[in-house]
Every structure is written in C-alpha cells, then in structure tokens.
Amino acid sequence: MSSARHAAVLSHARGRPGAAPPGVDPDEFRLALLEDAYEVVAGLELVTPALVLDPPDQPDAEAVTWPGTAIVRAAAPPDAFAALHAAGAAEAVLVAGDAPDLPPLLIGKLFRALGQAPAAACAARPDGLVALAARLPLPGWLAAALAETDLDTPDALARLRGAAPRAGLVPQGPGWHRIRTPADLENLDPGLEGWENTRALLEGHPLRG
C-alpha cells in the first residue's frame, strides 16, 4: 500500500568527477553513494521510496532500487514534486544522492515540520541542501523558486526563504553532510551504522588524510 508520504533520492548521472577518492572508479563510487542513500529512504516506515533520474535514462541507477520503487524522470525539483504528487504523495522529501549516511531521524524531522509549515530543509555543510521536504501540491511561490534553485545551489535555503511570502515558511532541521569531494570522506563515521556499499568500496582507502 502506497503511503501519502514519499521520499525520493536524486540521481544525477553527470555526477562530480572529483568526488571519488584516488583509486576508486567514479561511476562505482557515485552508485555506491546513491544506493546507500536509497537504502536510507527505503527503510523508512510509512514512507514510499522513489528515485528521481536526471537525465532520465540511468539503468545503472534504477538497478540499485527495490522492485516496485517509483521511478521519476525529472530535471527540476518542481517536476519531481509534481510527479510524486501524481503518484499519491501529499508530502514528499527530495534527498541528495550523495548522502549515504544520512540518519533516518533527520528525514523524520522534516516530515514532522510539515505539520506547521509548507516546506522544511536540511542544510548541507558547508552549502546547499541535503534534503528538502514539502507539502504537495507545491505552493506557487515555492514552485517558482525551485524552478531556479535545487539542492546543489549554494544559497538554496536563503533563496527559498527569500521567496516565501512571510517568515517561518521554510524551517530548517539539523544539518548534515554530503560526499562531494574526497575531503568530505572525513565526515563518514566508521562507527555509524549504514552506508554499507560506500564502506565496502572504500575498504583500504583512508577516510582521513
């Protein structure tokens, strides 16, 4: 049974060529990060997992999902949110595909924040967003802002808050990190459960320089 809450991981096949550490295949690294991020959302209770593909043809990314996972082909957040709404979502969160160790609790906090606001964000360190949650359908001001802003926009939170008709419409939950450069590997905690695919791929590679 599909839940009215959906959590979708974003897969960008273009990736960041400099994200993988030396000696690790960039495509394998991207897919390991993506699969771990997907496993986070797929493990959430009462939440339907989904995968957002940009560009739309990514069979390698689709292969990391569980059978029956909703596949959304969208180039911008408003299109992704609209597709999730059409699939039955009343609330949805978009999650960066390079946050393999994102605690499920932080996604839960975003959904809870939607009880008081139309959107909620988890900021990335040092910039951009790890995740963005919204009630669906999107209010017009948010859809317009997201047409020119995504999770990779450095000042995304400030832009979304600036577009809101009044303060408090985009509350911020606890921040987290993304793995966008080899230096970001220092943020991975070997003692933290999860991120098994990334962990296996990095075996023999130091997380800290």
Side-chain angles (χ1 to χ4, degrees), residues 2-14 34 37-38 40-42 44 46-56 69-99 102-178 180:
S2 178
S3 168
R5 285 181 167 177
H6 285 53
V9 177
L10 304 174
S11 176
H12 300 290
R14 289 179 290 274
L34 178 68
Y38 169 78
V40 172
V41 304
L44 295 170
L46 304 177
V47 176
T48 298
L51 180 68
V52 178
L53 303 179
D54 173 30
T69 296
I71 304 297
V72 174
R73 305 174 198 280
D79 298 330
F81 277 124
L84 294 170
H85 182 53
E91 299 176 347
V93 59
L94 300 181
V95 178
D98 52 14
L102 180 65
L105 177 64
L106 297 191
I107 299 178
K109 287 181 179 292
L110 294 181
F111 278 125
R112 284 194 292 277
L114 296 183
Q116 306 295 327
C122 172
R125 308 179 191 129
D127 56 44
L129 300 177
V130 176
L132 177 67
R135 296 180 199 156
L136 304 178
L138 293 177
W141 63 267
L142 183 56
L146 286 174
E148 299 180 352
T149 305
D150 59 22
L151 272 60
D152 292 324
T153 305
D155 59 344
L157 183 57
R159 288 192 185 198
L160 299 182
R161 285 178 165 172
R166 63 180 186 278
L169 296 186
V170 190
Q172 179 180 354
W176 197 249
H177 48 258
R178 294 169 57 181
R180 294 178 279 193

Practice problem: Quickly, which of V72, L84, L146, L129 forms a side-chain contact (heavy atoms from CB on, under 4.5 Å) with L94? Name it, please. | Solution: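 By the side-chain contact (heavy atoms from CB on, under 4.5 Å) criterion, L94 pairs with just one of V72, L84, L146, L129: L84.
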Judged by atom type as modelled, is there a donor-acceptor pair below 3.5 Å linking the side chain of [X] to the main-chain atoms of [Y]?
| X | Y | value |
| --- | --- | --- |
| R125 | G175 | yes |
| T48 | S3 | yes |
| R135 | A117 | yes |

Give me the atom names and distance for the closest heavy-atom approach of [X] to [Y].
| X | Y | result |
| --- | --- | --- |
| P171 | A119 | CD-O, 2.9 Å |
| A80 | A74 | N-CB, 3.6 Å |
| P118 | P139 | CB-CG, 4.3 Å |
| C122 | P174 | SG-O, 3.2 Å |
| P77 | D150 | CG-CB, 3.9 Å |
| A92 | F81 | O-CE2, 3.6 Å |

Quiz item: Heavy-atom count around L105 CG within 6.0 Å, excluding the residue itself: above 12?
Solution: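 Counting other residues, nucleotides and ligands, CG of L105 exceeds 12 neighbours.
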What distance do [X] atom [atom1] and [Y] atom [atom2] have between them, rounded to the nearest 0.5 Å?
| X | Y | atom1 | atom2 | answer |
| --- | --- | --- | --- | --- |
| D98 | L151 | CG | CG | 9.0 Å |
| D152 | H12 | CG | NE2 | 5.5 Å |
| T149 | D155 | OG1 | CG | 7.0 Å |
| I107 | K109 | CD1 | NZ | 13.0 Å |
| R73 | D79 | CZ | CG | 14.0 Å |

Quick one: are [X] and [Y] in side-chain contact, heavy atoms under 4.5 Å?
| X | Y | value |
| --- | --- | --- |
| L136 | L138 | yes |
| L160 | L132 | yes |
| R180 | P126 | yes |
| T69 | Y38 | yes |

